[in-house]
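Okay, structure first, notes after.
Heavy atoms only: backbone and side chains are in, while hydrogens, waters and symmetry mates are out.
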Amino acid sequence: MLTAKEIRKSFTDFFASKGHTIVPSAPMVVKNDPTLMFTNAGMNQFKDIFLGNVPRKYPRVADSQKCLRVSGKHNDLEEVGLDTYHHTMFEMLGNWSFGDYFKKEAISWAWEYLVDVLKLDPKRLYATVFEGSEEDKLGRDDEAAEIWAQFLPKNHIINGNKHDNFWEMGDTGPCGPCSEIHIDLRDDDERAKIPGEALVNKDNPQVIEIWNNVFMQFNRKADGSLESLPAKHVDTGMGFERLCMALQGKKSNYDTDVFQPILKGIGEICGCEYGKKRETDIAMRVIADHIRTISFSITDGQLPSNAKAGYVIRRILRRAVRYGYTFLGQRSAFLYKLLPVLIETMGDAYPELIAQKSLVEKVIKEEEEAFLRTLETGIRLLDKVMAETKANGKTEISGKDGFTLYDTFGFPLDLTELILRENGMTVNQEEFNQEMQKQKERARNAASVETGDWVQLQEGESEFVGYDILSCDVEILRYRKIKQKNSEFYQIVLNRTPFYAEMGGQVGDTGILKSDDETIEVIDTKKENNLSVHIVKKLPANPSASFVAEVNTARRQQIACNHTATHLLDYALRQVLGTHVEQKGSFVAPEALRFDFSHFQKVSDEELRKVEQLANAMVRENIALEEHRNVPIEEARAMGAIALFGEKYGDAVRVIKYGPSMELCGGTHVKSTGEIGFIRILSEASVSAGVRRIEAVSGAKAEEFVDMQQDMLRDLKSLFNNVPNLVQAIKKSLDENSAMKKQVEQFVQEKVVILRDKLISNAIDRNGVKLIILKGDFEADIVKSVAFQIRNAVPSSLVFIGATQNMGKPAITMALSDDLVAGGMNATQLVREAAKEIKGGGGGQPFFAQAGGKDVDGLERAMNVLMNKF
RNA sequence: GGGGAAUUAGCUCAUCUGGUAGAGCGUUUGGUUCGCAAUCAAAAGGUAACGGGUUCGAGUCCCGUAUUCUCCA
């Protein structure tokens, strides 16, 4: 039996023998594509070739690609694990032709590989072809059908509709008919009962698609019409896990050697066994699937977080924890313990797992613990809701409460239901669904973005010249309008540009486009599918005119300082802390820089100081930039340049070297380190488990920062009469201050006690209550203290009335002993009534209330109002 | 991109409609104990995220900013 590893290798070997270049898997996490968060198909890394943004590097390539899908037919997150064939992460084997071979070769080789190389039974294979579409004025894909007819009998070639057999990249862009290969894995007697062709594309878990061959021959325009592509492409994708299942004679992907070791590992940790009980099996499949997804995301640089792609990863992790919690009885973090077994099965093919093992473990463990805390909070809130509901004599909690728990506090509905059931209660499902619907509508309305068609003025590719010059003559190739909820702007592509587009953490350039008649402001530059897009608020009146593009040079210089500073800090960190330090993200702006890196403990002040000193020493050395463009990646690595995990590099890379610091980098840098002036680290903090962040400034901004510090220090010193030892002076002052505070407090207490005794001895006895009056100028806090002191000293039949003033403002304070309150008296009401006399209002509790006002002259009247009550 | 929520002692969180800022854990000191664990007692510890506003009075209400959590896309 072929192992998964052998199968993976046989695929690439086969296509290499057909003249294909074998390329590595791109990272699973996608950058620089606003429409996509994760790699969801093998073709993603070639998207810019299909879009015509960059030329092809090879005519034929093949690879095995890590993919992640959380929605779609066989990848709906909530479905994964319930059955035996849904997944989030999977590997896709693929071969491509970029304007090279087409249907004939693609289909013949697919057949050759499956039948001749892998020895799959041809009687079990079926092919689907596009049946045509009236809407698009397209006929049946007879071309493909005729090629298939050489290998398959007629009844094994099946027509498919637009939904199944016409592939589109998005609403617009390259598309074309596709032809899928399906395999029937059922037993002989079942196959005898119902022929396989009746079950193709019918969601039967044993009759499944294994390979899709897409023939890209059209371009879909924004008005929905199709035009023929000048160069036709082939894009294929085969589900690796499914292929393993077929070849290993299993009924489920989870039964293959891809998943079995992981399932076994889960069993050992949780004390259960796969294949014994339905619910346990579901939970185990969920965990087995999700641990792969989470681990690979982290190695690709995508940590769980609270937004975007990171949040998707967090949700997947939490789903795994939840299943472990509910069905496997796991009450503490356990997922991270699966990493060794994952490495055992996949570490060979994906060495990044081994390299980053401890980081992955740490991140997962921390996330698990955070979620368990979220669950505890949820349980506490749910307890509250249950108590309130019971108090109202009901057993059904409102759907709104259930939704709030879910929406605001992240407490899963199924857990809510579980806990309610244990307490003999339910939740109003319909109401919950309504609330969910509302939420979805809100999001849909807000998310609507209208993207206009590109207006093409000239053909051609965009060239970036910004490494060498910051101003040049340009022409507009194409532009389009983007309309969002509250804003409207234009994207412009130039034939050449000095503007650096946001990438690798460095923000995009700003500047202007100037023609003879007008000046247009460029507010940002972004990268979309490898294309530099200039963002402008308004279009030039004559877009076909010639322009001069000018980058905002002062801003660019500051960015360059910060970017080079980032490299120096990276180098210094590795020197001081060790080579386990790896970049986990960075943000380079004109104002400051942020640098995230893997490190397992707080960087001490001394270490930070050392890092800073080392980096600044390199600045003073005024090391000249050594820049190597178009270095083959292998050569760059051999030179010892630092590359990032999870970063997609081309075959030729740019190496940035300042003395010993050497990194693969596309950013803009200073010509020599002296330009930076100096670097100052502002802060060090944790961003997530195992990842620390430093923030720093350099260049003019560092100077500004130091100036501010110095000004503050000077002000401080002058406050302390320029004493030589400022720290000691401040410390002394603080000590004195706290001693005096204590003294004052003591004096106040003594005063309060004296006041209390005096007032008690002056108490008026009226109709059986002791009436105690305080008048004069007192702070509100003292009056309050006195009132409470007296209340303690005179436990019954006490009425305290304070009619005092402070800073020209009148105040009324009233305290009543408990027996009077029990007898129906209410200080709040009384005080409110009296407060009218001083043009104010008040309130408090029945036994103690305060009021304030604006009219000091009414104080006497207000007191009389109160005294007349007794 | 949008919605909801949170931010109070070192930590986890209370503070019902605006009216005395509190608990548990932890810390320090002292007691019991040969010592540890344990336990009892006391004390210290607060810019209620930040900035405005409304009010006689704001942790509490309103607006803005930041950070975090969470859901939808």
Side-chain angles (χ1 to χ4, degrees), chain A residues 34-35 37 70-71 77 304-312 314-315 318 367 370-371 373-378 380-381 384 388 391 400-413 432-433 435-450 482-487 683 685-688 693 738 741-742 752 779-792 802-815 826-829 831-832 834-856 858-859 862:
Chain A
T35 62
M37 286 194 288
V70 284
S71 60
L77 179 59
S305 77
N306 64 345
K308 303 271 162 101
Y311 189 63
V312 174
R314 175 170 285 176
R315 266 171 53 197
R318 292 185 168 196
E367 274 292 313
F371 182 52
R373 279 198 297 275
T374 301
L375 289 184
E376 268 175 46
T377 306
R380 212 173 36 237
L381 290 167
K384 219 187 232 174
E388 277 164 21
K400 214 166 176 169
D401 283 337
F403 186 75
T404 305
L405 273 167
Y406 168 73
D407 177 68
T408 303
F409 299 102
F411 198 70
L413 180 65
F432 182 94
N433 293 337
E435 292 293 323
M436 181 65 106
Q437 207 51 43
K438 274 191 230 161
Q439 154 95 313
K440 285 187 177 176
E441 264 164 43
R442 260 198 307 271
R444 251 197 300 276
N445 291 339
S448 69
V449 178
E450 279 179 49
I482 307 281
K483 226 176 175 171
Q484 269 173 347
K485 202 181 167 195
N486 292 323
S487 67
S683 67
S686 157
V687 250
S688 72
R693 166 176 295 171
S738 74
K741 246 191 200 161
K742 267 186 196 140
V752 165
E779 270 180 55
D781 272 355
I782 293 182
V783 181
K784 200 155 65 185
S785 277
V786 170
F788 276 89
Q789 287 276 343
I790 291 179
R791 240 179 71 85
N792 286 341
T804 57
Q805 49 186 299
N806 187 235
M807 316 274 287
K809 280 187 175 176
I812 297 165
T813 311
M814 185 169 203
N826 188 325
T828 303
Q829 280 171 17
V831 143
R832 281 208 178 118
K836 285 178 195 156
E837 300 294 337
I838 52 169
K839 295 198 172 74
Q845 296 95 307
F847 69 92
F848 176 80
Q850 291 168 293
K854 294 176 206 172
D855 186 8
V856 189
L859 207 48

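- Contact annotation: A:R315 side-chain N/O to B:C72 OP1/OP2 distance is under 4.0 Å.
- In this structure, A:F847 reaches the bases: a heavy-atom distance under 4.0 Å links it to at least one base atom across the strands shown.
- For A:Y406, a side-chain nitrogen or oxygen approaches OP1 or OP2 of B:C72 to under 4.0 Å.
- Note on A:Q845: a side-chain N or O is less than 4.0 Å away from OP1 or OP2 of B:U20.
- Looking at the side chain of A:F848, the nearest of the listed nucleotides B:U20, B:A5, B:C72 is B:U20.
- Within 4.0 Å (heavy atoms only), A:F788 reaches at least one base atom of the nucleic acid.
- The side chain of A:K784 places an N or O atom within less than 4.0 Å of a non-bridging phosphate oxygen (OP1 or OP2) of B:A21.
- When each of B:C72, B:U20, B:C69 is scored by its nearest atom to the side-chain atoms of A:R314, the top-ranked nucleotide is B:C69.
- Nucleotide B:U67 holds its C1' atom 11 Å from the CZ atom of A:R693, rounded to whole Å.
- At a threshold of 4.0 angstrom between heavy atoms, the contacts of A:G844 include nucleobase atoms, whether or not backbone atoms are also involved.
- Here B:C72 presents its P atom at 9 Å from CZ of A:F432, a figure rounded to the nearest Å.
- Distance noted for atom C1' between B:G51 and B:U67: 15 Å (whole Å).
- Between A:T404 and A:F409, the closest side-chain pair of non-hydrogen atoms falls below 4.5 Å.
- Among B:C13, B:A21, B:G3, the nucleotide with an atom closest to any side-chain atom of A:D407 is B:G3.
- A:T813 places a side-chain heavy atom less than 4.5 Å from the side chain of A:F848.
- A:V831 and A:A851 get closest at one heavy-atom pair: CG1-CB, 3.3 Å.
- Distances from the side chain of A:Q850 to the nucleotides B:G19, B:A5, B:C13 place B:G19 closest.
- A salt bridge links A:E435 with A:K438: at least one charged nitrogen is closer than 4.0 Å to a carboxylate oxygen.
- Close to B:C56, at under 4.0 Å from its OP1 or OP2, lies no side-chain N or O of A:K809.
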